[in-house]
Structure formats: C-alpha cells, structure tokens
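Encoded as structure tokens, the structure appears first; notes follow it.
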Amino acid sequence: MQDKTVQGAASQARSTQSGSAPNAPVQNAPARGAPMQNPPPPGGSKQNAPASAGPVPSGPILSRPPAVRDDKLVTRDWIGRVVPPYPDGYRSNTGGCVGSGRSAEQICARSIGTIDDNEDRSQLLYAAELIGRAGNEARWKITDVVAYPRLQRGERVSISTCLFDGAGDPGVIAVVDTLVENAAARETFDAVRWAVRLDRSKGRFVEIKAAEVQCYNEGAEGE
C-alpha cells in the first residue's frame with residue numbers, strides 16, 4: 001500500500017497514480033490519473049521515483065501520521081501562492097495531475113497533492129492550476145487547501161487512486177481503512193470518515209460521501 005504525490009494518459013495510471021472530477025471525461029473502467037508532468041514538488045517522491053520526475057505521479061497512499069495544522073489563517077495564506085518555490089520549511093512530496101480533457105494541455109491543467117514540512121509530515125492537501133513554466137519546470141497557482149486529516153490506526157490517505165460512484169476519479173482524496181480481512185489480497189479499500197473531490201471548474205475541494213468511494217490497494221509502503 002503506497003501512501004504519500006485520466007486514464008486519458010491512462011495506460012500509465014496504475015503504477016503510481018493521479019487525476020479526475022466534474023468537467024472531465026469519466027472512465028468507465030477503473031481509471032487512474034495521468035502521471036503529473038513536471039509536478040509541483042521539485043524535491044522528488046517518497047516512492048523512489050526519479051528525482052527529475054518530482055513527487056510520485058498521481059496519487060499514492062500516505063501512511064505517516066502527520067502533525068495536522070488547523071490554523072485557518074495559515075491555510076488561507078497558501079491560496080493564490082505560486083509554487084515552486086515553496087516557503088522556507090515546506091515542500092511537496094506527493095502530487096498528481098487532474099486533467100480537464102485529453103489534450104496535452106488539458107491532461108495536467110490542474111493538480112492535487114500534499115504540502116509537507118521539513119520532517120516530511122503532511123500538513124495540508126492542495127489543489128492548484130497550471131499557470132506556466134520556467135524552463136522545464138511547471139508553475140502552479142494554489143487554488144484551495146484543506147488540512148491533512150488526522151489518521152486512526154490502520155488508516156491511510158489515498159490521492160488520485162480512487163473510484164467515485166464506481167468510476168475512476170483522480171481528483172478524489174480519501175481516508176481508507178486497511179485493517180480489513182485479507183487486506184493484502186484486496187484490489188480496493190473502502191473510504192471511511194472523510195473524502196473530498198476536486199471541482200475542476202472552481203479549483204476547490206468539495207466534500208463527498210465516503211461511502212461512495214473506494215481506492216486501489218497500492219501495496220504496503222516501502223515495497
């Protein structure tokens with residue numbers, strides 16, 4: 001089970017994971033998001049992806065219990081910020097593309113991911129829109145942030161590897177419960193307690209019913 005970064009480019013989906021939501025074509029098969037092209041985090045992925053690729057393409061599952069920050073003033077400070085670079089003490093270890101269509105420009109028009117501190121603890125989940133490039137590096141404008149959820153024993157956060165109402169939706173982030181019978185053999189885990197989905201038209205997260213979400217079992221962290 002991998003944790004912590006549309007099938008239009010979907011043949012690449014199932015490896016590491018990313019992208020989906022309203023205004024984008026929904027895959028009939030369980031589709032993974034397209035790997036993020038020049039993803040926001042310049043520091044590389046926690047899943048041994050090449051440094052040049054940035055954070056894990058599409059959504060992994062993040063199992064490290066973070067120190068969640070609930071300061072609403074702090075979260076508002078992120079909205080409208082263009083990254084990279086990130087403020088001192090912060091980076092993004094995990095991100096995924098959330099496209100609005102199938103063209104090259106649309107596949108990675110938006111992204112979602114984590115904002116992590118220097119100790120690799122996820123503090124926030126962000127949504128961003130692609131606004132340009134500096135050389136080969138993408139520039140992202142953050143459009144929304146939510147606090148990274150507090151996790152209970154056996155829970156993990158899945159980013160861009162989920163099904164919403166039975167269809168692949170890389171714009172979904174959800175808490176999943178891995179303490180279930182035959183966990184290693186399961187293809188998906190059920191979301192519990194909390195799930196959000198990126199509204200592509202607004203660039204904002206909207207809460208959705210966890211009961212309508214399942215997320216792929218990406219294997220244990222560190223495999």
Would a 4.5 Å heavy-atom cut-off, applied to side chains only, mark [X] and [Y] as touching?
X      : Y      : answer
Val98  : Cys108 : no
Val157 : Leu151 : yes
Tyr126 : Val146 : no
Asp120 : Arg91  : yes
Glu129 : Ser111 : no
Trp194 : Val196 : yes
Arg193 : Gln152 : yes
Thr114 : Ile159 : yes

message: Could you see if Val176 belongs to whatever hydrophobic cluster contains Val180? Use Ile, Leu, Val, Met, Phe, Trp, Tyr and a side-chain cutoff under 4.5 Å.
response: yes
Taking all atoms of both residues into account, what is the closest heavy-atom pair of [X] and [Y], and its distance?
X      : Y      : value
Ala195 : Val213 : CB-CG2, 4.2 Å
Ile173 : Phe205 : CD1-CE2, 3.9 Å
Phe189 : Ala183 : CZ-O, 3.6 Å
Gly203 : Arg110 : CA-NH1, 3.4 Å
Phe164 : Val172 : CB-CG2, 4.1 Å
Gly166 : Leu163 : C-CB, 4.3 Å

Say you draw a straight line from [atom1] of [X] to [atom2] of [Y]; how long is it, rounded to the nearest 0.5 Å?
X      : Y      : atom1 : atom2 : value
Asp177 : Asp190 : CG    : CG    : 8.5 Å
Glu218 : Arg156 : CD    : CZ    : 11.0 Å
Lys141 : Ile131 : NZ    : CD1   : 7.0 Å
Ile112 : Arg197 : CD1   : CZ    : 11.0 Å

message: Can a side-chain donor-acceptor contact be found between Asp116 and Ser122 if the only test is distance below 3.5 angstrom?
response: yes
message: Just by distance, no angles: are the side chains of Asp117 and Gln123 close enough, under 3.5 Å, to form a donor-acceptor pair?
response: yes
Any side-chain to backbone donor/acceptor pair from [X] onto [Y]? Under 3.5 Å, distance only.
X      : Y      : answer
Arg133 : Gly135 : no
Arg139 : Pro84  : yes
Thr143 : Ala127 : yes
Asn217 : Arg186 : yes
Ser92  : Ile115 : no

- prompt: Is the closest basic N to carboxylate O distance between Glu155 and Arg153 below 4.0 Å?
  reply: no
message: Check this for me, if you would: do Asp144 and Lys202 make a salt bridge, where the nitrogen-to-carboxylate-oxygen distance has to be below 4.0 angstrom?
response: no
query: Please walk me through it: do Tyr148 and Leu124 pass side-chain contact (heavy atoms from CB on, under 4.5 Å)?
result: CA-CA 5 Å; Tyr148 189 91; Leu124 300 168; 5.8 Å; no
